[in-house]
Amino acid sequence: MKKVGIIGYGTIGEDVAQAVHQGRAGLVQLEAILVRDKSKYEDSNSTEYLITEDEDEFFNQNLDIVIECAGHGAVRKYGERALHHGADLILVSIGAFADESLQKLLRDKAEQSGRKIIVPSAAIGGLDRIAAGSVGPMEEVTLVTRKPPKAWYGTLIEEQVNLAELSEPYCAFEGVARDSARLFPESVNVSAALSLAGIGFDKTKVKVYVDPHISHNIHEIEARGKFGQIKLQIQNTPSARNPKTGYIVAMSVIKTLRDMSSSFVIGI
């Protein structure tokens with residue numbers, strides 16, 4: 001039974017914690033959750049796992065797997081420490097790897113410590129096909145992300161356009177994945193995952209739209225290379241608690257945990 005710790009107890013962290021605690025994530029056991037303010041969770045009173053704001057207490061639980069669900073800052077602050085303490089690291093906020101120095105630091109640390117950094121498919125699909133295709137020459141990878149206005153409150157896009165009065169789709173960004181991952185750390189992590197699977201942050205083309213005519217988060221991927229061609233559209237149901245993300249993100253982490261303790265694994 002592998003011991004699991006979760007960094008962050010927002011929408012994704014809570015869903016993952018519940019699945020692990022209920023035994024729906026394979027042969028793993030929830031040991032600890034690291035939060036910023038423990039007082040917000042005093043009603044939990046769990047005696048089966050630790051909720052703490054003390055970093056030392058969290059990392060002293062002899063964890064086998066640490067799941068990051070707390071944003072780019074948490075990857076920078078805790079990623080190296082998790083690996084140093086002998087845990088495999090599951091990253092949700094993979095957009096942090098747009099910072100090349102951070103990516104190199106953590107990948108080097110994983111190699112030195114004999115641990116793994118694992119990137120779930122999360123809100124995107126087709127990463128297995130893209131990663132396989134990147135083994136041979138790959139010519140082009142593009143991503144178009146569309147989300148309804150409610151998904152963009154609290155982001156830079158709110159400063160560009162009046163989201164409440166938007167009546168037509170609005171292109172908020174067109175460029176490469178390195179910039180989209182930095183500009184929209186909570187909303188376009190998919191561009192980072194796609195870049196790492198394929199041709200890199202500076203060659204992966206990205207467009208980001210606010211679309212008042214849709215109710216789901218939509219990602220459209222196109223790629224061409226020696227393998228052939230792929231066109232894929234994903235429609236994710238936004239979380240009721242946080243429209244910036246979808247239910248599928250937590251589901252993807254749960255599936256990853258199942259794979260880590262399973263004798264039969266499909267879709268990698």
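All values below come from the heavy atoms of this structure, side chains included, with hydrogens, waters and symmetry mates left out.
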Mind checking salt bridge (Lys or Arg N to Asp or Glu O under 4.0 Å) for Glu139 and listing every partner two or more places apart, or none if nothing turns up?
Arg224

Is it true that Arg178 and Asp202 make a salt bridge, defined as a side-chain N closer than 4.0 Å to a carboxylate O?
yes

Should Leu194 and Ile130 be marked as a side chain to side chain contact (heavy atoms under 4.5 Å, CB included) after you check the CA-CA gap, both sets of side-chain angles, and the distance that decides it?
CA-CA 8 Å; Leu194 188 62; Ile130 298 295; 4.0 Å; yes

Assigning hydrophobic clusters by single linkage (Ile, Leu, Val, Met, Phe, Trp, Tyr; side-chain heavy-atom cutoff under 4.5 Å), is Leu102 placed with Val66?
yes

Between Ser252 (side chain) and Ile248 (backbone), is there a donor-acceptor pair under 3.5 Å?
no

Quick one: sort the Tyr78 and Phe59 rings into parallel, tilted or perpendicular, breaks at 30° and 60°.
tilted

Can you name the closest pair of heavy atoms from Ile218 and Gln233 and give their distance?
CG2-CG, 3.8 Å

Would you check if there is a donor-acceptor pair between the side chains of Thr52 and Asp54 at a distance under 3.5 Å?
no

Using modelled atom types only, decide if a donor and an acceptor are shared between the side chain of Ser134 and the backbone of Ala197 within a distance under 3.5 Å.
yes

Search all heavy atoms of Ile94 against all heavy atoms of Val119 and return the closest pair with its distance.
CD1-CG2, 3.7 Å

Is it true that a side-chain atom of Tyr247 and a backbone atom of Ala240 form a donor plus acceptor pair closer than 3.5 Å?
yes

Would you call the rings of Tyr49 and His21 parallel, tilted or perpendicular if under 30° counts as parallel and over 60° as perpendicular?
perpendicular

